Structure formats: C-alpha cells, structure tokens
Amino acid sequence: MAGDRATGTADDRTTVVVITRDRRTELLHTLDRLAELPERPPVIVTDNGSTDGTAEAVSRLHPRVRLLRPGRNLGALGRNVAVRQVHTPYVAFCDDDSWWAPGSLSAAADLLDRHPGLASVTARILVEPQGTEDPIVAELRSSPVPGPRWLPGPALGSVLAAATCVRTSAFRSVGGFSPRLWLGGEEELLAADLAALGWWLVFAPELVIHHAPSVARDATARRVRGLRNTLWFTWQRRPLTSAARRTLFLARTVPRDRASLRAFAQAFVGLPGTVARRAVVPPRVEHGLRLLDEAQRVSTARRYVG
C-alpha cells in the first residue's frame with residue numbers, strides 16, 4: 001500500500017486536516033497515530049471552541065501540529081480555515097476519531113499524481129476495535145455512477161470527509177465546504193460542485209482509514225442537520241422533478257418523530273436562501289445522482305436515525 005514511493009520514506013505531498021471539539025482523548029489518540037505514519041505528513045488541527053483542554057493538550061503533547069483556534073465552533077468550515085494554511089498539492093481529511101493507515105497517504109497522492117482529472121480519492125473505512133468494514137464501504141465499492149475507463153476505481157457521486165484525500169486546488173476552486181450547511185452531510189454539495197466543473201471522485205479500496213466512533217456526539221442533532229442539509233442540497237442543485245421526487249421519498253421513509261419534523265421545518269424556513277443559491281448541475285452529474293437515488297432506496301448504511 002505504499003504506492004510509488006518506498007515504504008518508510010517521508011512524503012511531502014499531503015497535509016492532514018482535522019477538525020475537533022471537546023474530544024480531547026480521541027483527538028490525542030488520532031494525533032498519536034498520525035505521528036507514527038511513515039509519510040510524516042504535516043498536520044493541521046482546527047479546534048472548534050473546545051472547553052475540555054483540547055488545545056492545551058495538543059500544544060503540549062504534539063508541538064509539531066499546527067493548531068488553529070478560531071474561538072468558536074465553525075463546524076465543517078474549520079476545514080476551510082485549515083486548508084487556507086496548506087502548501088501541499090493534496091489535503092487528507094480525517095475526523096478526530098479516525099486516522100489514516102501507514103502508506104495510504106502516499107498511495108492516495110500517487111493516484112492523484114497519475115490522474116490529473118481526479119479531485120478526490122476516498123478510502124476504505126475499518127471500524128475499530130474489531131477492524132470490520134463500515135457498512136458504507138459496500139456501497140462505495142458498488143457505486144452505480146458511470147465514469148471514464150481511465151478511473152482507478154469506482155466513480156462516486158459524493159465523498160466522505162472523514163476518509164478522503166482531495167486535490168487542494170480543486171477544493172479551493174469550489175470554495176470548500178458551504179458556510180450555510182455548517183456540518184452534517186456537507187459533502188454532497190462540495191462533491192456536486194466539483195463534478196459540475198468536470199472533476200472526478202473515486203473510491204480507492206487500497207487506501208485504508210481507521211475509525212473508532214466517538215461516544216461524545218449528539219446523534220439526534222446530527223440527524224436533524226443531515227436531513228435538513230440533504231433537503232437544501234436537493235433543492236439547490238437538482239432539477240425540480242428530481243428534487244420533488246427525492247423530497248417525497250425522504251418524507252415517506254424518515255422516522256416520524258420530532259427530529260424529522262424539525263429538519264423539514266428548518267429546511268422549509270431556509271427555502272428562500274436555498275432558491276437564491278440554486279444552480280442546477282449538468283445533465284451528466286444529475287444522471288449519476290439519479291442512479292444514486294435508486295441505490296440509496298435500499299441502503300442499510302444511510303439512515304436518518306438517532
């Protein structure tokens with residue numbers, strides 16, 4: 001998995017970016033693992049307003065890590081802030097409870113070097129401590145999105161921010177993650193805008209990232225934001241017929257509870273802002289999204305639950 005470079009050699013092509021908030025223990029474990037990588041990548045951490053001593057612990061235990069402290073919770077925009085400080089051609093994202101396997105960063109950079117039409121490569125996710133594949137991996141492996149023959153893996157319609165290496169210039173060309181979506185399903189809009197510019201996104205199973213899911217999370221709040229953001233993305237980038245069909249499907253299939261009601265209510269209140277930003281994706285991109293809609297109807301990994 002070491003790619004075109006020799007195992008055990010440093011690789012200056014990729015910077016790792018991590019956002020965190022009030023997960024000091026998990027973050028320190030992740031930084032320990034990143035510090036052990038043979039690539040020895042530069043690491044940038046954006047501390048989204050932690051109150052548990054995260055920043056102080058990082059400064060003390062990982063002084064080589066570049067620590068950004070915006071003073072408030074920026075959500076996914078913490079990644080945008082970090083990417084502004086990046087000087088490498090590629091950026092590898094991971095969460096504070098996930099870390100790249102040795103050699104995978106070099107292998108990802110090799111793929112991006114060899115294929116200038118690629119914007120991103122997404123890794124296979126192993127869930128710790130068992131080391132089993134995340135259920136989403138099967139869907140990535142069998143992605144229905146069509147792509148050119150030169151792609152080094154299945155074409156994707158979106159990415160997973162916790163397990164993806166992106167071309168820095170491509171990320172910047174679309175403005176990074178949307179300030180409006182904040183956090184939760186924020187990848188869909190980024191991916192669609194990259195695809196609309198002609199970039200390709202792929203799944204590369206030879207790359208591995210480990211994920212030890214943190215228990216310090218508000219699953220219900222994440223579900224509300226994720227569903228709201230899916231609705232906003234749908235009406236911001238999809239043709240009207242597809243947007244209506246997708247909305248009706250979600251209305252029929254999400255749990256009938258207060259969280260879902262809040263998500264739909266927030267999406268409705270924000271509809272004027274969504275319409276103001278409306279820019280329908282090209283037909284090629286929409287074709288892939290329609291195929292993904294069909295695949296996700298039977299998905300066991302994509303559920304708005306919690």
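This one's a predicted model, so the numbers in the text were calculated from it and none came from an experiment.
More than 12 heavy atoms of other shown residues, nucleotides or ligands fall within 6.0 angstrom of atom CZ in R141.
The shortest side-chain heavy-atom distance between V208 and L126 falls under the 4.5 Å cut-off. The side-chain heavy atoms of V91 and C165, taken from C-beta on, include no pair separated by under 4.5 Å. Two residues are said to be in side-chain contact when any heavy atoms from C-beta on lie closer than 4.5 Å; R40 and D11 fail this criterion. By the 4.5 Å heavy-atom criterion applied to side chains, H62 and D32 are counted as neighbours. Side-chain contact check for V16 versus I44: every heavy-atom pair is 4.5 Å or farther apart.
Relative to the six-membered ring of F249, R297 meets both conditions, a distance below 6.0 Å and an angle of at most 45° to the axis. A cation-pi arrangement is absent between R167 and W199, since the terminal nitrogen or guanidinium carbon is not both under 6.0 Å from the aromatic centre and inside a 45° cone about the axis. Cation-pi geometry between R79 and F177 is met: under 6.0 angstrom from the ring centre, within 45 degrees of the axis.
Using a 30° and 60° split on the angle between ring planes, W99 and H29 fall in the perpendicular class, above 60°.
For F171 and F93, the distance between ring centers is under 6.0 angstrom.
With salt bridges taken as basic N to acidic carboxylate O contacts below 4.0 Å, none links E188 and R238. No salt bridge links R225 with D218; every basic N to acidic carboxylate O contact stays at or beyond 4.0 Å.
With sequence neighbours left out, the ring pair (Phe, Tyr, Trp, His ring centres under 6.0 Å) criterion links H211 to no other residue. Applying the ring pair (Phe, Tyr, Trp, His ring centres under 6.0 Å) test to W100 and every residue at least two apart in sequence or in another chain returns nothing.
Atom OG1 in T247 sits 12.5 Å away from atom CZ in F268 (nearest 0.5 Å). A distance of 13.5 Å separates CH2 in W200 from NE2 in H115, rounded to the nearest 0.5 Å.
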Pair D95, S98 - check side chain to side chain donor-acceptor pair (under 3.5 Å), show working. CA-CA 5 Å; D95 283 347; S98 64; 5.1 Å; no
Could you walk me through whether T15 and R66 pass side chain to side chain donor-acceptor pair (under 3.5 Å), step by step? CA-CA 11 Å; T15 299; R66 182 159 191 176; over 6 Å; no
Set out, in order, the CA-CA distance, both residues' side-chain angles and the distance that settles side chain to side chain donor-acceptor pair (under 3.5 Å) for R21 and T51, then state yes or no. CA-CA 8 Å; R21 185 171 190 271; T51 58; 5.9 Å; no
